[in-house]
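Just so you know, these numbers come straight off a predicted model, no measurement behind them.
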Amino acid sequence: MYDRLMNRIQELDSRSVALVGSGGAGVVTVGNLLLEAAAADGSYGLMRRSAGPQIRGGESAALLRFADMPVECAGDYYHLVIAFDWRHAERFIDEIPLAASSCVLHDPAGGDVPEPIVQSGARLIPVEMQTQAKEIEYGRANMIALGLVSSITGLKLETISKTVSRSLSTKGENVVAGACACIERGAKMGRSLDIELPMPIAQGGTEDRWTITGNQACGLGALKGGVRFVAGYPITPASEMLEWLAPRLARTGGCLIQAEDELASVNMILGASYGGVPAMTVTSGPGMALMTEGIGLAVASETPIVVIDVMRGGPSTGIPTKSEQTDLNIALYGMHGEAPHVVVAPVSIPDSVFTLQWAVNLAESLQTAVIVLSDQLLAQSRVIVNRPPDIGFITRRVTAQAGVENYRRYALTADGVSAMAIPGTIDMSYTADGLEHDERGTPSTGSRDHLQQLEKRAGKLIGFDYGDHWADVEGDGTIAVVTWGSCTGAVKEAIRRAGEQGVPVRLIALRLLAPLCTQQLNQALEGVRRVLVVEQTFSRQFYHYLRSQVDLPKFTESLARPGPSPLSPGEITAMLLVGEA
Amino acid sequence: MYDRLMNRIQELDSRSVALVGSGGAGVVTVGNLLLEAAAADGSYGLMRRSAGPQIRGGESAALLRFADMPVECAGDYYHLVIAFDWRHAERFIDEIPLAASSCVLHDPAGGDVPEPIVQSGARLIPVEMQTQAKEIEYGRANMIALGLVSSITGLKLETISKTVSRSLSTKGENVVAGACACIERGAKMGRSLDIELPMPIAQGGTEDRWTITGNQACGLGALKGGVRFVAGYPITPASEMLEWLAPRLARTGGCLIQAEDELASVNMILGASYGGVPAMTVTSGPGMALMTEGIGLAVASETPIVVIDVMRGGPSTGIPTKSEQTDLNIALYGMHGEAPHVVVAPVSIPDSVFTLQWAVNLAESLQTAVIVLSDQLLAQSRVIVNRPPDIGFITRRVTAQAGVENYRRYALTADGVSAMAIPGTIDMSYTADGLEHDERGTPSTGSRDHLQQLEKRAGKLIGFDYGDHWADVEGDGTIAVVTWGSCTGAVKEAIRRAGEQGVPVRLIALRLLAPLCTQQLNQALEGVRRVLVVEQTFSRQFYHYLRSQVDLPKFTESLARPGPSPLSPGEITAMLLVGEA
Amino acid sequence: MNPLPGKSQPKDYKSDVKPVWCPGCGDFGVLNAITKALASLRLPPEQVALISGIGCSSRVPAYTNVYGFHGIHGRALALGAGLKAARPDLHVVVAGGDGDGFSIGGNHFLHACRRNMDMTYIVMDNEVYGMTKGQASPTTAPDWTESELTPSGTHARPFQPAAIALAAGATFIARAFSGKPNLLAQMMVLAMQHPGFAFIQVLSPCPTFRPEQKEWKNIVRPFAVDALPTSDPALAALHCQRDDGMSTGVIYVEARPVWRRSNMQEIAIEDIEQEFRL
Amino acid sequence: MNPLPGKSQPKDYKSDVKPVWCPGCGDFGVLNAITKALASLRLPPEQVALISGIGCSSRVPAYTNVYGFHGIHGRALALGAGLKAARPDLHVVVAGGDGDGFSIGGNHFLHACRRNMDMTYIVMDNEVYGMTKGQASPTTAPDWTESELTPSGTHARPFQPAAIALAAGATFIARAFSGKPNLLAQMMVLAMQHPGFAFIQVLSPCPTFRPEQKEWKNIVRPFAVDALPTSDPALAALHCQRDDGMSTGVIYVEARPVWRRSNMQEIAIEDIEQEFRL
Ligand SMILES: Cc1ncc(C[n+]2csc(CCOP(=O)(O)OP(=O)(O)O)c2C)c(N)n1
Ligand SMILES: Cc1ncc(C[n+]2csc(CCOP(=O)(O)OP(=O)(O)O)c2C)c(N)n1
Ligand code: SF4
Ligand code: SF4
Ligand SMILES: [Mg+2]
Ligand SMILES: [Mg+2]
């Protein structure tokens, strides 16, 4: 179905491989091994996971893309699909677009090929993986598949074997031997298939490349930013970040508490931060909903906290295992009363390191709540990237030193930030309060105190110098795409492709969502006659948010689609080229 | 300070009286008695309460205004102030604007008159209330004050005595006698003061007039709308509505549960509504923050509920006893994921009866969550009004009857509303779910089901015919004020005054805030060259919301001020007349 | 509640939705027991509501053919309480996991016990968060270090469901094992017949994240005391404390008035409106 | 914690903020007792943090001159736990009301008891919501009908703070009366010295909404049993159950390891980054 488009839009020279299966087929294991082996051979890559609701044995897909440069999004379609079986295929088939040139290797033991796959016109090749694996001691079908892919893509068998041996070493020699035998068998089968899909190999050594997930990248950024206390409650797809952080905080002088719920999480980090320790919590939509009262307290009491919301499909419990950007509204507006705070979002997986470091810095500098919006797509995808640059933010909380006369915790200052006395500081005790208060912190119902403190809390955010970090702005031309978060990768590729078609397009990928840098945004939009706003929501939350604060050009379009399928670079390119080229 | 303005802007023929005092001075008691007596004499009136943080004995003010037509807002300034003492005057002095023509009767025993009052140029008259009261057995200073006001305003002594006797009857004969003696003494003192401020008396009998607070009016509307289950957790300024409802639900076949917290409240009403009983909860900002997860479940599971948020000053615990419109954002956007729902707000105290009845009707008809935004100003003010008209909504929930083959709870229908089987209906059992689901209700992670159900839940709200109720639209001219909620009263008066100055202004007071009826709004704005958006917030929440969805005329201004002082008709009029007349 | 006139087989209470549960999950046994109990009570499916929160165990309503509500995490008891208060004619059963009920939902558990509404609460306790892939729950032993979230254990005393229920005021308290669905079904029948808040803690293994729980079938045994069930809270407390948490049986039964709606004389709304007249 | 070297008077721990409390409110006595206890322990004010929620009683931090955080309703214990975990060097005292602690905050109470962090929790129990003008709280008798919100009573068994704390795992449990600030101060000293989670339920009358509580001074008396305090949970449970809730004294003391942070070998962030290299 994408073929018509493809005639005009040159895709990035990349290889997209989808592995699908259910019932403990080990799809994700193969995906990871494939990613690692390709990385070792010199490719860049990205692996997205798409899982069903089952805890074990449910259907799942490992969706990979390889290129000779860092991969920031899925491609328009998959070149190669390996299917162990088709159970519950209807649940994810829409997430695996195919072209007529695609190849689908499917195990006949896994059932009939579903209609939409047949319709796609892709080449269907039955390959017995199950039966072959059974013939080998400790054999498993997923390792046969790994062999198939390796020969089709020309991966070095040696690298594969090394990767597999390392990763399965804890499972015992027999398992490793069985796996290697399967890989060899698969590779042989693959060679006989007459499909060639050589892996794009990048120049240069792999020493400075990392393999990292978005959840890990956020966790690392938080650690680098100085977070030393985390409280959290498990929730998909955020738990993995907590699990990554727990032992690492314990090893860096910090501490993580698994709280009884999200109400406790957010209040625990408020307590820790009040004690002077940079603190963070991590959750997803439902937990976010439970935290807004606490976030409001952080704003009112001017206690720095960082809250990461790893977004998933909503509303309500929604689709816990799949991605969406639909918590934008609650992040921007979810607090009662006037609760000005900061909202940031990483524009890619490696950027999560920077964005989190910055988020901690902003929370501490501005003594407010900073909400970070990640999503399942960023969080649970794993990439091969160049080591993210080390940007040494100095986290600075303005603290009050002992001996200040007549200390006023909430003093009105030029920049709106007032010195915070950390418990332990002699003679500086005060009571932090979520009631409206005067400069000292004493509760006040007076309209003057209210207005002054409202102005203080809002003013400190507006007046702050966010530097260049507010957005990634690239390119020129009279068309601009304004986007954010996990859509940025696909947008970037679309812009590159449009450029190749002679249509230059500017990128404005917001990293700072609130407060909105309206002046900088207007400046970035200067000379732009057409704007495309790209986001993964249903109700165009981002588009409406921009409208609410900025006068967009008359010719402004919105490209919004809910999850779970990520927006593809092809559909964005198509939209950009309409009427232009 | 308002005198200059007053030269141009003719105020409504009204009398504004402020009673202030602390330490159990009984300010609110006198205010209520005064309101009742004036009502009995034929006046319309409104009494607003402004209280400090103390539970007992704190400073408080009863702020009254009388006219010969229904009063919907405070005046620009107070004609008469009676002050028992000035303790904590700084906390509310901004809420009592004075003119040079104002009279301030203050008890010298209550301390020095505060500087801002002296500055106002108002006439200051020391009157011994405390000492006079002490001379009378069972005498109280507040009853002396009542006598003072009655003679100054020409209230019938007979009415006052009757009102007082009835209201104090439970306290015993001695108390009543003491009160009456005080009133007589005060009246005598008042006559010697040479101040005249005759009460405006309305035409016609008082048989069809009501005295009601906003909290009561909401409660009544909910009962009339069919609500028969309420769960709630006490919170200022909403508790009084729960307290009003509890015995009355018990007497109308319903039931109210005091829940352990707001998380329980909202989930309890979900359970009740799932059981087929129209259900509601009542809270204020902090409780609202705790309810958003439950509201999202109502949206996703399509379970009708009504949630009233009686707004108070925010953020966080904020100013519990005072008014603000700053929960607009959380009401519109506070849910995670895409959770389309309905937000309505009464435009006056008597309109609360209608709006609540409508809210219940919308929740039931649309099978969704309806949030009602009231505020402390509406909720805790008491008015004398004409009996609100009886609009007989027939609440209609589409229910599934026994015997439907292959019942699909979330079937895709033309209007997006699907029949709900009520437990007890034979052979129609289904499981309601907050997970994304297919038409049957079975959880689904598929993108097609997700999109279809997102469209269903949003579409049913967009396609619904809200009739004329979406807004109160009045007048014509090329200027329009767009406003909502408790600001409407002051806006209406400002429009009347502007009209008297030859500047016709349209009123657009939204009752339906979400979904925004953009088409109707655009229509109402046809021919308008200038728009003034009026609201009681700090960050112009309403203005930004309108912008996010509608192209407002270039010449659009925003008049926004946070609480606690309500916007005055005078300041709105002034803004309207700038450059016009 | 009118019992069904005709047939009543466990399978009549099962739906055609296939459980998402892992092979060997203890929750299959609980589902079986629920359908057995309903069949043995001959309850018409449409007069029963099965309410749950979020978790593997909380998926149970859709697998039955009674009315169900799969709510949000931790709020099942509140959902059930609202339904029961509004529809006293229904038979309300609330079910869920140890995380749902004792961690995020702990407060509602306390207040449900206090309130003593006439309903049944079944907690499938696997001492782990199954759905979110294996973190410690309140009932997890403090030295369990298999979750990376608590790499050196929880450092917290395990939650004692029966003891807390007792202190909070539940009037029927029992412990059971999902591996014995017949016994469990019998206990559920007692619980559902009990007038008031009946709580059953069901030890329900999670072979995926707590493979060692496969041993439970060899460890659980009935309470070795004749004194149980008792209506003496002191005695019940004593036995709860002395037990290792692996004894099964009904522990405590108390006859306390069940929660009921206020019964006041009915009036019309028009009468209420009178109070606003001047 | 280093005790103060020099002077240490209760007044040194008072701030100049005037309480919003009504005349005769029991919370004055609790405030006095807190300052007395701090003075007698000679704790440097800057090493003490007093954390609270929302309610009349929760206003207490600002009336002292130690570090304070007046948080949101029901979350004081979570706030305190986060502070203590992040700053184990501080002396953390959490205070609030019966509504704050047992109604909306009930879950945190359960888990704070389980966790056994080294902190003190003081609940000023007046069996009513004072701040919101007189509604029933979890400890209110079921037949109290003075609130219009529950016109025929709550229909729920009162929450038993000591029994719940015991079942949940608190390691120091006591009941006291605000009308005896010296005794209360002594008890607070014991609680603050106790290593672990120490809970004191202070009967603290609300003369405004529960005028009958003025009688409490004639009703409260020390527990009439020599056995208390005990470290036997069964015995403690027994005495909690037998008591009418008006006996005062330390009920239960247990030596259980206090919650502590995981102690793992320290490494640098650069070392952590190594794991991402190919
Ligand atoms: C508010 C909220 N927080 C967290 C989650 C994530 N979550 C889903 S199920 C679950 C725990 C499940 O554990 P349990 O109740 O013991 O059920 P089990 O899966 O073990 O049967 C959690 C934390 C959620 N859905 N909502
Ligand atoms: C989330 C939330 N819900 C409700 C309230 C309103 N509220 C304030 S204090 C209070 C109860 C106070 O009772 P208690 O804790 O017993 O303290 P007391 O005033 O009796 O000392 C309530 C319900 C609130 N502030 N926040
Ligand atoms: S993860 Fe555990 S509890 Fe969940 S379905 Fe699997 S075995 Fe059952
Ligand atoms: S209302 Fe009661 S608890 Fe609150 S300050 Fe007054 S007496 Fe104390
Ligand atoms: Mg569990
Ligand atoms: Mg209380």
Side-chain angles (χ1 to χ4, degrees), chain A residues 52-53 90-92 94-95 263 285-286 288-290 292-293 296-297 299-301 309 313-319 321-322 324 326-327 329-330 332-340 433-436 443-448 450-451 454 458 537-539 544-545 547-549 562-565, chain B residues 52-53 90-92 94-95 263 285-286 288-290 292-293 296-297 299-301 309 313-319 321-322 324 326-327 329-330 332-340 433-436 443-448 450-451 454 458 537-539 544-545 547-549 562-565:
Chain A
E90 74 285 358
R91 291 196 189 140
F92 56 80
D94 294 340
E95 299 176 43
L263 304 162
M288 185 70 190
L290 292 173
T292 59
E293 197 200 6
L297 176 59
V299 171
S301 67
D309 176 357
S316 198
T317 314
I319 310 183
T321 53
K322 303 205 174 176
E324 211 164 64
T326 47
D327 291 354
N329 275 345
I330 190 176
L332 293 171
Y333 299 114
M335 275 55 72
H336 70 274
E338 296 283 6
D433 210 317
L435 277 171
E436 191 56 285
S444 164
T445 57
S447 57
R448 211 157 309 174
H450 187 38
L451 187 60
L454 284 171
T537 70
F538 175 76
S539 67
H544 287 296
Y545 174 57
R547 275 192 63 121
S548 76
Q549 308 239 11
S565 302
Chain B
E90 73 285 357
R91 291 195 191 142
F92 54 80
D94 294 340
E95 298 177 46
L263 305 161
M288 185 69 189
L290 292 172
T292 60
E293 195 199 7
L297 176 60
V299 170
S301 66
D309 176 357
S316 197
T317 314
I319 310 183
T321 52
K322 302 201 175 178
E324 212 164 62
T326 47
D327 290 355
N329 274 345
I330 191 176
L332 293 171
Y333 299 114
M335 274 57 70
H336 69 274
E338 297 284 4
D433 212 317
L435 277 171
E436 192 54 285
S444 164
T445 57
S447 56
R448 210 157 311 175
H450 187 39
L451 187 60
L454 283 171
T537 70
F538 175 77
S539 67
H544 287 294
Y545 175 56
R547 277 192 62 121
S548 77
Q549 308 239 12
S565 302

Between R91(B) and S444(A), is there a donor-acceptor pair closer than 3.5 Å when you use the side chain of the first and the backbone of the second?
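Side chain of R91(B) to backbone of S444(A): no pair is present.
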
Kindly say whether D327(A) contributes a backbone atom to a donor-acceptor pair with the side chain of H336(B) at under 3.5 angstrom?
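Not at all, since once roles are kept as given, no pair shorter than 3.5 Å links the two residues.
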
Just how far is it from atom CG of N329(B) to atom CG of L332(A), taken to the nearest 0.5 Å?
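It is 9.0 Å, given to the nearest 0.5 Å.
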
Side chain to side chain contact (heavy atoms under 4.5 Å, CB included) between E324(B) and H450(A), intermediate numbers included:
CA-CA 11 Å; E324(B) 212 164 62; H450(A) 187 38; 2.6 Å; yes

Which of the residues [options] is involved in the greatest number of heavy-atom pairs with chain B at under 4.5 angstrom?
{"options": "G313(A), S301(A), G337(A)", "value": "G337(A)"}
{"options": "P443(A), P340(A), S447(A)", "value": "S447(A)"}
{"options": "A339(A), S539(A), G296(A), G434(A)", "value": "G434(A)"}

Atom of A300(B), atom of S316(A) and distance for their closest heavy-atom approach
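For A300(B) versus S316(A), the nearest heavy atoms are CB-CB, 3.6 Å.
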
Where is the tightest heavy-atom contact between P562(A) and L454(B), given as atom of each residue plus distance?
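That would be CB-CD1, 3.5 Å.
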
Highest number of heavy-atom pairs under 4.5 Å with chain A: which of [options]?
{"options": "L290(B), D94(B), T292(B)", "value": "D94(B)"}
{"options": "Q549(B), E293(B), R547(B)", "value": "R547(B)"}
{"options": "G314(B), S548(B), G446(B), A289(B)", "value": "S548(B)"}

Contacting moiety of [X], where chain B heavy atoms sit under 4.5 Å:
{"X": "M335(A)", "value": "backbone"}
{"X": "L263(A)", "value": "side chain"}
{"X": "P564(A)", "value": "both"}

Can you tell me if E338(A) and T326(B) form a side-chain donor-acceptor pair at under 3.5 Å?
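T326(B) and E338(A) do not have a side-chain donor-acceptor pair below 3.5 Å.
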
Heavy-atom check, side chain of T445(B) versus side chain of F92(A), under 4.5 Å
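A side-chain contact under 4.5 Å is absent here.
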
